[in-house]
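Start at 1 and go down the list; that is how both ligands and their atoms are numbered. Treat the numbers as computed from the prediction; the structure is a model and nothing was measured.
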Amino acid sequence: MNRKNEMFDKFYNKTIKERQEILKDLFNLNVENDLNKRLSIEEADKIVENVIAIGCLPIGLLTNLKLNNKHYVVPMMIEEPSVIAAANKACKLSLPKGFKGQALGNEMLGIVQIKTDNLKRTAEKIKENENEINRFGKEVCKNLEKYNGGWRSFYIEELKTKRGNFILFKFLVNTADAMGANIINSTAESLGIYLEQLLKEKVILRILSNYAVKRKVKLEAVFSINKEERELFLDAFEIAKHDIYRLVTNNKGFLNGADAVCLAFGQDFRAVEASLHSYSIENKKPLVNFTEHEDGIKAYAELPIAVGITGGAINVLPHAQTSLKITKPKTASELAMIIGCVGIANNFAATYALATKGIQQGHMKLHSRIIALSLGAKEEEIEIIQKLVENGIIKPKKDEIEKALAEIRKRQKN
Ligand code: MEV
């Protein structure tokens, strides 16, 4: 166990202050400026419209993600209890090997919609001017070249509809470490003006596609569980492959983790969700495939995830900056892989819990732990209270736990 792992041992048993001290020490963070700093209402007013208040969500840590032999500590921002605990538990089951990951591309796609009375003539004109158009695109995206990004290519598709005929001009740009929405949208608008003049046709829509299939990450891991649990797991997972009602909820298990990381890093989680949902539905299969492995359950996924480590809200949200300082992803693809791993961990953990003891038990256990902690209970007392809740003797409610705690202490005295 290295020092970092050691410091995160039983992290959940530490006080908030102790946890913050560990982060301060390990990641050179300043508690005031990094951990406790909030967005001011004046800053918020510059980000969105009609600002009246600032909302907030808890941020907790996933302490033991291992990806490509590297140990990551990952902030997760979420209001749902058990998600962070479940991610930690699943990541632990993936050790010592952890996850293997690879980025399969880094290109975002934009669309320029051209209305035309003559599809053939417009398509030919585009073909004739291919080099010119590529030169223009390259020039518009020049700034990205120093980051190994930039204009890549374009292709066209013909679309006949009741409202008329259209050429869909689709272009690809490597947006480097930015998520790319702004880059693609401004490139699409510049291209729109250029193509309108070149083709003498009306350009209508100019927009990025959030379907990030040219920006997939490939991930795999094995979660160690025993043979009996494997069978239960695979039976439970099977229905997600055949039933849309289950598929959606199965994928929600993935998104619990993925969204929580996206939120902690100030990402456009709606974009990530849109891409992943469509991908699953287009392929008619769950986001992650789980199969039997001699050591447990093997997870495999190729996931279209577009995120960034620079630009957009990331630069203005204090918690996003802090998350970057903790996890230190060097590229947008690395962050996308981390998000995918956490999604897989939560997807696995949910199915595992559902297939074995159900999710409510764990949920109740955690809930009673939080209440007992808030009442100042010690670890031995918490264990007794959790047992009482588990066995249905008391409910995980503050007044019942308070009474039980007083009773435990009375008995210990006698
Ligand atoms: C709850 O937030 C997520 C689950 O419903 C996912 C699943 O059913 O796999 C537990």
Side-chain angles (χ1 to χ4, degrees), residues 12 57-62 65 74-94 99 219-225 228-264 267 269-270 272-281 283-292 296-301 303 305 339-370 389-390 396:
Y12 52 88
L57 291 172
I59 299 179
L61 277 194
L62 166 59
L65 170 66
V74 188
M76 296 173 74
M77 188 169 179
I78 189 163
E79 87 300 343
E80 186 173 330
S82 307
V83 172
I84 299 170
N88 272 295
K89 191 172 172 194
C91 283
K92 221 171 183 175
L93 292 175
S94 78
F99 289 75
L219 295 161
E220 58 183 73
V222 174
F223 300 99
S224 310
I225 55 173
E228 190 191 335
E229 290 172 333
R230 264 175 243 169
E231 293 302 326
L232 290 168
F233 182 99
L234 291 169
D235 281 347
F237 176 62
E238 191 64 17
I239 58 170
K241 295 192 226 164
H242 302 281
D243 182 284
I244 180 85
Y245 288 93
R246 178 58 204 147
L247 173 70
V248 171
T249 316
N250 167 80
N251 287 348
K252 196 267 182 183
F254 176 95
L255 288 159
N256 271 347
D259 275 353
V261 183
C262 285
L263 277 167
Q267 302 298 316
F269 60 92
R270 288 86 56 206
V272 173
E273 288 237 3
S275 179
L276 290 169
H277 285 304
S278 303
Y279 187 68
S280 173
I281 297 305
N283 292 300
K284 294 195 175 58
K285 58 182 192 198
L287 288 169
V288 184
N289 192 32
F290 293 106
T291 49
E292 182 153 24
I297 291 290
K298 179 173 173 174
Y300 178 87
L303 303 158
I305 298 178
I339 290 166
C341 291
V342 182
I344 293 173
N346 277 101
N347 191 179
F348 167 81
T351 309
Y352 179 45
L354 288 168
T356 51
K357 50 187 185 313
I359 50 166
Q360 284 313 89
Q361 197 184 329
H363 195 88
M364 291 300 165
K365 211 171 153 188
L366 204 70
H367 195 51
S368 48
R369 174 182 187 82
I370 292 165
V389 172
E390 237 173 290

May I ask you to check whether Arg246 has an N/O atom sitting below 3.5 Å from an N/O atom of ligand 1?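 It does: an N or O of Arg246 is found under 3.5 Å from an N or O of ligand 1.
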Geometry only, no angles: is Glu80 polar-contacting ligand 1 at N/O separations under 3.5 Å?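 Glu80 vs ligand 1: N/O contact under 3.5 Å present.
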Name the orientation class of the two ring planes belonging to Phe223 and Phe348 (parallel below 30°, tilted from 30 to 60°, perpendicular beyond 60°).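 If you compare the ring of Phe223 with that of Phe348, the planes turn out parallel.
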At less than 4.0 angstrom from any non-hydrogen atom of Gly253, what atoms of ligand 1 do you find?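 Answer for ligand 1: 6 (C).
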Numbering the atoms of ligand 1 from 1, which are under 4.0 Å from a heavy atom of Lys252?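 Counting atoms of ligand 1 from 1, those under 4.0 Å from Lys252 are 1 (C), 2 (O).
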One residue to check: Leu354. Relative to ligand 1, which of side chain, backbone, both or neither has a non-hydrogen atom less than 4.0 Å away?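 The part of Leu354 near ligand 1 is the side chain, not the backbone.
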Heavy-atom distances under 4.0 Å are what count here, so tell me which part of Asn256 touches ligand 1: side chain, backbone, both or neither.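 Contact part for Asn256 vs ligand 1: side chain (C-beta onward).
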When rounded to the nearest 0.5 angstrom, what distance separates CD1 in Ile78 from CG in Asn256?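 CG of Asn256 is found 5.0 Å from CD1 of Ile78.
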Identify the residue among Tyr352, Phe233, Tyr300 that makes a ring-ring contact (aromatic ring centres under 6.0 Å, His included) with Phe290.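 Between Phe290 and the candidates, ring-ring contact (aromatic ring centres under 6.0 Å, His included) is satisfied uniquely by Phe233.
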Would you call Lys241 and Glu238 a salt bridge, taking side-chain N to carboxylate O under 4.0 Å as the test?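 Salt bridge present between Lys241 and Glu238.
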For the residue pair Leu61 and Ile84, establish whether any side-chain heavy-atom pair is separated by less than 4.5 Å.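 They are not in side-chain contact.
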